[in-house]
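Here is the structure we will look at.
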Amino acid sequence: MLKPWIQIIRPSNVLTAISDVLAGVALACLFLQQDLPPVNPLIWITISSMLLYTGGIVFNDVFDAALDKVERPERPIPSGRIKKSAASILGTLAFAIGSFLAYQVNMTAFYVSLAIVLMCLLYNGKAKHHFLAGPIVMGACRGLNLLLGMAVLPDALSYWYIAIIPIIYIASVTNISRGEVYGSNKTALLVSIGLYSIVIITLLYFTYSSKNYLALVFILLFSVMIGSPVSKALKTLQPQDVRKAVKFGVLALILMNASWIAISGHWLLALAVCAILPVSIFLAKKFAVT
């Protein structure tokens with residue numbers, strides 16, 4: 001009974017949300033030249049982020065229930081193991097509790113959490129099937145998650161434009177995912193490789209600006225993790241290789257966020273975030289990422 005509920009929330013994906021908000025907090029401290037905030041708001045904002053992500057991923061399956069009967073009949077809803085109405089309740093509760101926890105941090109975080117809920121519903125309900133809007137709106141969900149972490153120190157949101165980088169990154173992963181069922185989408189893969197390059201160059205620029213060169217280790221690991229599978233997918237154009245490129249693109253978010261944290265000078269926190277990766281990889285072997 002429990003397994004389909006774990007499957008529908010995609011636990012390996014949810015763990016990546018932890019790295020988003022912690023990267024946001026670290027960047028806020030970098031921009032404002034402040035120390036890390038107290039533990040309590042960090043706990044609330046982290047759990048909030050995980051719940052908001054859970055709500056978004058559950059509603060993905062709710063909105064896709066009819067399509068999944070054809071393309072992914074093994075998923076919990078089309079297979080009949082979870083009722084669509086029950087999944088909707090779970091998603092709604094996750095959104096509500098996640099927003100409430102953000103409210104416990106401050107009003108700025110609460111407003112950002114509401115924006116995340118709106119973007120998740122927009123993506124799942126409308127945007128995902130649009131060629132251009134889909135990747136952008138999905139990326140906006142992750143960009144807002146970074147801002148959710150930054151909102152712990154509200155003044156840091158004046159640097160909101162940094163959220164463009166996770167938007168670009170997730171847009172590229174989402175773009176690749178369009179070929180995961182049938183494959184043969186070479187153009188999407190080439191576009192995503194170009195977008196990946198922009199992300200890596202930006203990380204390198206901030207590393208040079210901050211003079212925290214140890215971040216290069218994290219950036220290298222991140223680059224290898226996304227580059228190897230997408231290169232293979234480009235060569236074969238096979239659905240299984242495209243799915244692998246999407247899978248590692250999602251999981252590599254942890255290393256991208258660890259890179260941001262290292263750029264901010266918080267080495268121990270960056271290493272702690274990296275520790276999430278093997279757990280996510282283990283869970284990704286047990287439960288689907290896409």
Side-chain angles (χ1 to χ4, degrees), residues 12-13 15-20 22-24 26-27 30 135 138-139 142-143 145-146 162-180 185-237 240-282 284-285 289-290:
S12 60
N13 300 43
L15 288 180
T16 67
I18 299 173
S19 67
D20 288 336
L22 292 180
L27 284 170
L30 174 66
M138 184 69 250
R142 282 287 184 172
N145 207 25
L146 184 76
I162 198 68
I164 294 172
I165 301 306
I167 290 175
I168 291 174
Y169 180 74
I170 290 301
S172 65
V173 176
T174 305
N175 189 51
I176 294 172
S177 71
R178 287 174 168 160
E180 68 176 302
N185 197 342
K186 186 175 183 179
T187 301
L189 288 167
L190 289 172
V191 169
S192 292
I193 288 172
L195 294 175
Y196 278 167
S197 299
I198 293 173
V199 172
I200 292 169
I201 290 170
T202 303
L203 289 170
L204 292 172
Y205 169 78
F206 274 90
T207 300
Y208 174 77
S209 299
S210 68
K211 309 300 181 186
N212 289 318
Y213 295 115
L214 188 57
L216 292 173
V217 176
F218 297 91
I219 296 171
L220 177 60
L221 293 172
F222 166 65
S223 301
V224 171
M225 190 169 183
I226 61 174
S228 180
V230 79
S231 295
K232 184 178 180 181
L234 185 62
K235 290 178 181 178
T236 67
L237 298 178
Q240 66 270 21
D241 291 325
V242 175
R243 280 194 291 270
K244 189 173 182 180
V246 175
K247 172 182 174 179
F248 280 94
V250 172
L251 295 176
L253 268 164
I254 294 171
L255 290 178
M256 184 183 79
N257 287 320
S259 299
W260 283 122
I261 296 170
I263 287 169
S264 302
H266 299 286
W267 319 114
L268 291 178
L269 184 59
L271 289 172
V273 166
C274 284
I276 299 172
L277 184 58
V279 181
S280 289
I281 291 175
F282 172 77
K285 292 178 180 178
V289 172
T290 60

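The first residue of the sequence shown is numbered 1, and numbering continues consecutively from there. Note that this is a predicted model, so its numbers are computed, not measured.
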For the NZ atom of Lys247 and the CD atom of Gln240, what is their distance to the nearest 0.5 Å? 13.0 Å
Is the closest side-chain heavy-atom distance between Phe248 and Ile226 below 4.5 Å? no
Distance-minimising heavy-atom pair for Ser259 and Ala215: O-CB, 4.1 Å
Given 3.5 Å as the limit, does a donor-acceptor pair link the side chain of Ser228 with the main chain of Val224, or not? no
Ignoring hydrogens, what is the shortest heavy-atom contact between Ile176 and Ala245? Give both atom names and the distance. CG2-CB, 4.2 Å
Look at the rings of Tyr169 and Phe222 and say which category their plane angle falls in: under 30° parallel, 30 to 60° tilted, over 60° perpendicular. tilted
Side-chain heavy-atom pair Leu22, Asn257 within 4.5 angstrom cut-off: no
Say you draw a straight line from NZ of Lys232 to CG of Leu237; how long is it, rounded to the nearest 0.5 Å? 13.0 Å
Can you establish whether the number of heavy atoms outside Tyr213 located under 6.0 Å from its atom OH is more than 12? yes
What are the two closest non-hydrogen atoms of Trp267 and Ala262, and how far apart are they? CZ3-O, 3.0 Å
So does Ser223 get a backbone contact from the side chain of Tyr196, meaning a donor-acceptor N/O pair under 3.5 Å? no
From Ile170 atom CD1 to Thr16 atom OG1, the distance as rounded to the nearest 0.5 Å: 7.5 Å
Interatomic distance, Ile263 atom CD1 to Asn212 atom CG [nearest 0.5 angstrom]: 8.0 Å
Is the closest side-chain heavy-atom distance between Ile254 and Ser280 below 4.5 Å? yes
Face-on cation placement of Lys211 at Tyr208 ring, 6.0 Å and 45° thresholds: yes
Under a 4.5 Å cut-off applied to non-hydrogen side-chain atoms, are Thr202 and Ile168 in contact? no
Would you find a donor on one side and an acceptor on the other, under 3.5 Å apart, between the side chain of Ser19 and the backbone of Leu15? no
Ignoring hydrogens, what is the shortest heavy-atom contact between Ser12 and Ala284? Give both atom names and the distance. CB-N, 3.7 Å
Which atoms form the tightest heavy-atom contact between Ser192 and Asn175, and what is the distance? OG-ND2, 3.2 Å
Look up atom OG1 in Thr236 and atom CG in Asp241, then write down how far apart they are to the nearest 0.5 Å. 3.5 Å
Interatomic distance, Leu195 atom CG to Ile200 atom CD1 [nearest 0.5 angstrom]: 11.0 Å
Which pair of non-hydrogen atoms, one from His266 and one from Ala26, has the smallest distance, and what is that distance? CD2-CB, 4.1 Å
Taking the side chain as C-beta and beyond, is there a heavy-atom pair between Ile18 and Val273 under 4.5 Å? no
